[in-house]
Amino acid sequence: MTVDWAAVYRARYPALVRFLYRKVWDADRAQELAQEAFLRALGQAPDDPVAWLYRVAGNLARDEARRAARWRRGLARLAREAAAAASLPPEGPRGVEQEEADERLRRALATLSERDRDALWLREAGLSYREIAAQLGLAPGAMGTTLARARQRLAAAYSALEETRVARG
Amino acid sequence: MWHVDDGQLHALLDGELDTADPEGAGAIEVHLAECAECRARLEAQQELHARIHGLISRSGPRDVAMPPFEELAAKAAADVSRASRWAQLANPQRVHAAAWIASFVIILAGTAGLVLAVLLGRFAAEEDRGDGAAPTVRVAEPAITGARGTFTRPPRLENPEAVDRAVRRFYPPHLRDGGIGGTALVRALVDENGRVRAREVARSSGHHLLDVAALRVVDELAFTPARDGDRRVSAWIELPIVFRPR
């Protein structure tokens, strides 16, 4: 069996980039990882190309996040040392509303389990319950319940963060 | 009287309920027509569904520039032709000379590697054991990719084939047959008797079930303990457990 990757690419590329963005939170990096995922895909002929693509992309993002975390830890330490040395004031708040909303979404998402997050992303990327279940190692019949719970938790966490922002003024 | 649960409502909203199934969308729609309570819940879940979709879809880049597919295909082709140029080098006249050069390089690299391993071993021995981000030593041991602790000889797998056997045993059949595989990196503490005292997933395979299976594989393994001089000591190792689907 051969796969028409050109068709998959045209239909799925933007959604894949957005999926990756929500994992690495960096638009350029998301593009690079999406390209990398497709590069790996060419020449492969999996039964379900879309599910396969998202699995590869998910793994790339996970490796990326691990590298980024190490990098940030190092950076944070350097920043602390530098700030301590120069006793600089901390950085002020950023203005753009969508950036605030993004940040709030990130923090709300951080309260969810990885499985719930992945279920939401994969669903948002247009994968079927069967495909999502296969990737997460769950029964397809449990996907409705998993997604219902994930959405409820995300909404609650997001609302709580909005309230603290209003309370702070 | 039964009611529709949230999971069913979300499956309905996601268009994932089968109308042909007697317990699927058809039955639920009939019930919703009769039950005001469930209708109210459907509305609330519908609102939640739309809100989450809005939150997620608004985040992130709006206009994704899509480079033409041909560009990507050309890049992939370039990678392949680079690889095949290497393959062309392997003609009979060159092989002889190349073999001599290669063996010289291997000896050189081996010596350098040995020196490096000894240096790294000293360095790792001085590292704080509690810091998970500390570098691990790569040792030329079958399957074991890293070991930490104070030792002059790292732990060794007594029977490397046992890994394959255990992988076959614990690989969940529906993942194996469904083409789902991956590599889980397991970090394990091998005690002075060669037994696994503690283990954790250091790097996920990407699938929870495969990670769990990998831990069970490691539980099955027997090791020759690490040695510090002539004393047996415990040591941490890293072991990649590979699940290859059919």
Side-chain angles (χ1 to χ4, degrees), chain A residues 5-6 9-10 13-18 21-22 25 27 30-31 34-35 38-39 42-43 46-48 52 55 58-59 62-63 66 70 73 98 101-102 105-106 108 114-115 120-121 123-124 128-130 134-138 140-152 154-155 158, chain B residues 4-17 44-45 47-53 55-73 75-77 79-80 133 172 174-175 178-183 202-213 245:
Chain A
W5 284 113
Y9 180 81
R10 287 182 191 114
Y13 183 78
L16 185 68
V17 171
R18 278 194 290 273
Y21 173 80
R22 290 174 204 126
W25 302 97
Q31 286 260 16
Q35 294 272 320
F38 270 103
L39 269 179
L42 297 176
D47 287 341
D48 189 335
W52 189 91
R55 196 160 61 237
N59 287 340
R62 198 170 289 118
D63 292 347
R66 210 168 290 119
R70 270 204 296 274
R73 272 203 300 275
Q98 186 56 49
D102 270 17
L105 181 64
R106 281 172 70 162
E114 190 177 2
R115 175 182 290 184
L120 282 175
W121 290 160
R123 179 65 210 172
E124 212 47 50
S128 72
Y129 277 19
R130 192 181 49 76
Q135 282 208 32
L136 302 182
L138 297 170
M143 284 319 304
T145 310
T146 302
L147 281 167
R149 196 188 46 217
R151 285 168 178 148
Q152 285 157 359
L154 179 59
Y158 192 86
Chain B
V4 181
D5 69 34
D6 285 355
Q8 288 169 308
L9 290 176
H10 279 254
L12 184 74
L13 292 167
D14 282 331
E16 287 273 350
L17 282 184
Q45 294 304 316
E47 206 172 293
L48 169 72
H49 191 272
R51 182 177 175 217
I52 295 300
H53 175 69
L55 278 181
I56 293 179
S57 60
R58 270 198 308 279
S59 80
R62 213 134 315 159
D63 314 305
V64 176
M66 181 158 72
F69 179 76
E70 291 67 28
E71 217 171 81
L72 193 74
K75 194 168 170 219
D79 288 351
V80 169
H174 66 285
L175 294 184
I180 293 171
T183 301
R203 191 174 65 232
S204 169
S205 63
H207 298 279
H208 180 67
L209 289 182
L210 291 185
D211 292 348
V212 172

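Just so it is clear, the values below take in all heavy atoms, side chains as well, and ignore hydrogens, waters and symmetry mates. So you know, we letter chains A, B, ... as the sequences are listed, proteins then strands, and number each from 1.
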*Among B:L9, B:D14, B:L210, which residue forms the greatest number of heavy-atom pairs with chain A at distances under 4.5 Å?*
B:D14

_Choice from B:E70, B:R203, B:M66, B:Q45 maximising heavy atom contacts with chain A below 4.5 Å_ = B:M66

*B:P67 and A:Q35: which non-hydrogen atoms are nearest, and at how many Å?*
CG-NE2, 3.1 Å

*asked:* If I compare all heavy atoms of A:L120 with all of B:I52, which pair ends up nearest, and what's the gap?
replied: CD2-CG2, 4.3 Å

Once you round to the nearest 0.5 Å, how far does [atom1] of [X] lie from [atom2] of [Y]?
X	Y	atom1	atom2	answer
B:D6	A:R149	CG	CZ	11.5 Å
B:H10	A:Y129	NE2	OH	8.0 Å
A:L136	B:H207	CG	NE2	8.5 Å
B:S205	A:R62	OG	CZ	8.0 Å
B:L72	A:Y9	CG	OH	5.5 Å

Identify which part of [X] has an atom lying under 4.5 Å from any heavy atom of chain B, answering side chain, backbone, both or neither.
X	result
A:E114	neither
A:W121	side chain
A:T146	neither

*Is a side-chain donor or acceptor of A:R151 paired with a backbone partner of B:L48 at a separation under 3.5 angstrom?*
no

*Give a yes or no answer on whether the side chain of B:H53 reaches the backbone of A:E124 with a donor-acceptor pair at less than 3.5 Å.*
no

*Find out whether B:F69 and A:W5 are in side-chain contact, i.e. whether some heavy atom of one side chain is under 4.5 Å from a heavy atom of the other.*
yes

